[in-house]
Amino acid sequence: MKPSKAVRNGARALVESLERAGVDTVFGYPGGNVLDVFDCLRDSRLRFILNRHEQGAVHCADGYSRATGRPGVVLVTSGPGLTNTITGLGCANMDGVPLVVICGQVELNRIGTDAFQEADTTGLTRAVSKHNFLIKNADEIPETVAQAFYIATHGKPGPVVIDLPCDVQRAATSATYPERISLRAYHPECAASARDVATLAKWLNAAKRPVIYAGGGVIAADAARDLTAMAEKANIPVVTTLMGIGSFDTAHPLAMGMAGIYGTAAAKTALEKADFILALGVRFNDRVTEGAKTSRGVKIVQVDCDPSAIDKNVVVTMGIVADIKDLLTVVASRVKTASHPDWLSVLEALKPIKPKYVPLHRGVIMPQSVIDAVAEATRGRCVLVTDVGQHQMFAARRFPHSRPRRFITSGGMGAMGFGIPAAIGAAIGGAEGPIVAIVGDGGAQMTAEELLLAARERLPIAFIVMNNGTLGMIRQMQKRYFIGDYSNPDFVLLAKAYGLASARVSDPEKLGAAVAKAVRAKKPYLLEVVVDGEATV
Amino acid sequence: MKTTKSESIYRLNCFVENKPGVLARIVGLISGRGYNIQTLNVGPTEDGTVSRMRIDVLATDRVVNQIILQLRNQVNVIEVTSRRQ
C-alpha cells in the first residue's frame, strides 16, 4: 500500500474504495453505527437506494447482480441491521452470487460487551458467506475492500461481508486503494490439463447417448454461447438445472428442459438413459439426483471452477477444475461432428417441454395460464423474476427462456420473499425490460415493503401476485388441504397504499388483457391474479 | 474409539494465516458438516504469520476429501494435507 498525503477518515476511505472498485449503486438501510459512511455517501458518485428492510436490500443487490453480472453492494448498520441480512446472504451464497455487504459495528473496545446493537457479525455470517472481514484499523480499509471484491467475483462467486466498527470509520488514514490484489492463500485460477481435455474429447466422441447437463456455473462463467456451439457441433441434447435456465434456449431443438423432481420427462430420460454426461457448473443437487450418490455405470465428466464441487454429491468418472468457458473453447475444436439420430428421436418423443394441464374448475384461472399469458404479452422477451413455490416451477417449466440472466430465481436456498426485491434490483441495474415479477401470495407478504421503493423510483416492473389463498407448494407436499387461518390482505389496496397502480383479475377470459396491460404499463404495476388453489405442479 | 466399517481417524495438517477468526472458521467448517473433532492442536510456526493446525476427525475417506477441498477453498488456508491414522 502506497502512502499518500491525502488523509481522510475511514468512512471516506471506504466510499472512495467502493468508487475505485467500480461500484455505481449501493443498496441499504442506515443506522447508528454506520452514520459516518452514510454522511460520505451524500457527496459521492454512488447512487444510494434506500430499502425498507435489510433483507430486501440484500435481495435487491442479488437481483441487480444476477441481471447485470456485476457484484451487488449493500450497506447496513450493526446488530439488527446485520441479522436481517442473513437470509439474503444465504440465498446469494447458495446460488453463487457476488455481493459485498458492509455493516457498521460498535466501537472496537465495546466488541464482546453486549453493547447496544452489537452482534457478532463474523460469527453470524460465517456459514452464509464466502468470506468475511472485521476491519480493526482504518489503514486496512482500501485493501480489504479490494480483496472483498476479488474474493466475491473470483472462483465460485459469493457474498463477502465487511464488518466496520464506527470508531474505525472515524479514524484518520492515508492508505490508498491497491493497484494489485495479493492474497496469500487464495488462488482460484484454474485450467484443465491437456490430458483431461483429450480424455473428455475422446469420451464425448465415442458416446452413443451423450447429454450435457448445464447449471448456474455456465451463466456465471459467461459460457452460454460456447455451450450452444458445442451442443450444436456434435448434436448433444442439453438438460439444465433450475439455475442453468437461460444458458440454453428452450426453443432450440436440442433443449430437453429442466432436470429434477419438477423437471421434464425428456430431461429425466436424457439423464437416466445417457451413456455419457458432461456436467457443467452443477453440484448434482438433491432436487435432481433424489439422493443417488453414484453414477450407475454412466461416464460422467464434471467441470467446475470450484474443486470442492467435484464429487460432492455424486462420485463422477472424471472431474475437471477449470473455467467452463475456457474449457469449452479448448474442447470444441477436438469434438467431432455427430448426429446421434436414434438417441435424439427417443428424447424427441418425450417432448413437448411445456406440460399440458386441464382446468380444474370452470371460470377459475389456472396458474399455468398466467405464465403463458406473460409469455404471450411479452413475446418471451422479458426479465422474469420469481419468488419461491409453485409459481416458480410453473415459470421455470413453461416460459420460453432464451438468454442468460433473464430468469432470476432463488434456487438453492429457496428463499420466499426474494421476488419483489430481486425484480427491483434487476430494474435498478438497468436490465433490458420489461421486467415481470411473478410472486405467490405467501412470498409477496414477506417483502411487500419494498413495493414502496418500486413506486418511488418509478420502476417499470409488473408485479404479478398469483393468489391461490394458500401456500400451494406446501399444501401439495402435505397432500391434503392446508386448512388453517391462512388469510391475505387486499393486495390491490396494499399496492395502492404503496403508490402503485393495481388491479385484480379472476376471470380466465380477462386474464390475457389484464397481464398485457400490466407488462406494458411501463410503470410499477401490481396485478393480483386469483388462481385455482387446487392446482399442483 | 468406536468406528463404523468405513470410518477412520484422519489427521489433517493445515497451514493457515495467523489471523483472528481463522480457527473458528475451520472448526465451524468441520462441525457444520456434522463431524466431530477428536483432537485439535494449534501452534505457531517459524514464520510468525503462519499457524499450524493438527485436526483429527473420524470420517469416511470421501468425507475427508470433501473437508480438505473445502478447507483449501478458504481464503486463509495456505495448505492442507491428511493422513489416515
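No experiment lies behind these values; they were computed from the predicted model shown. Per chain, numbering begins at 1; letters A, B, ... match sequence-line order.
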Please state whether the side chain, the backbone, both or neither of A:Lys156 comes within less than 4.5 Å of a heavy atom of chain B. neither

I'd like to check the ring pair (Phe, Tyr, Trp, His ring centres under 6.0 Å) partners of A:Tyr150; sequence neighbours left out, ordered by chain and number. A:His154

Go through the atoms of A:Asn132 and report whether side chain, backbone, both or neither lie under 4.5 Å from a heavy atom of chain B. both

For the residue pair A:Ser129 / A:Asn93, report whether a side-chain donor-acceptor contact shorter than 3.5 Å exists. no

Between A:Gln302 (side chain only) and A:Asp311 (backbone N and O only), is there a donor and an acceptor less than 3.5 Å apart? yes

Contact part of B:Val75 toward chain A, heavy-atom cut-off under 4.5 Å: side chain, backbone, both or neither? both

Counting heavy-atom pairs under 4.5 Å with chain A, which one of B:Ile68, B:Asn65, B:Val16, B:Thr49 comes out on top? B:Thr49

Can you give me the closest heavy-atom contact between A:Ile310 and A:Gly319, atom names plus distance? CG2-CA, 3.6 Å

Taking only residues two or more places apart in sequence or in another chain, which ones pass side chain to side chain donor-acceptor pair (under 3.5 Å) with B:Tyr10? none

Toward chain A, the part of B:Gln70 with a non-hydrogen atom under 4.5 Å: both

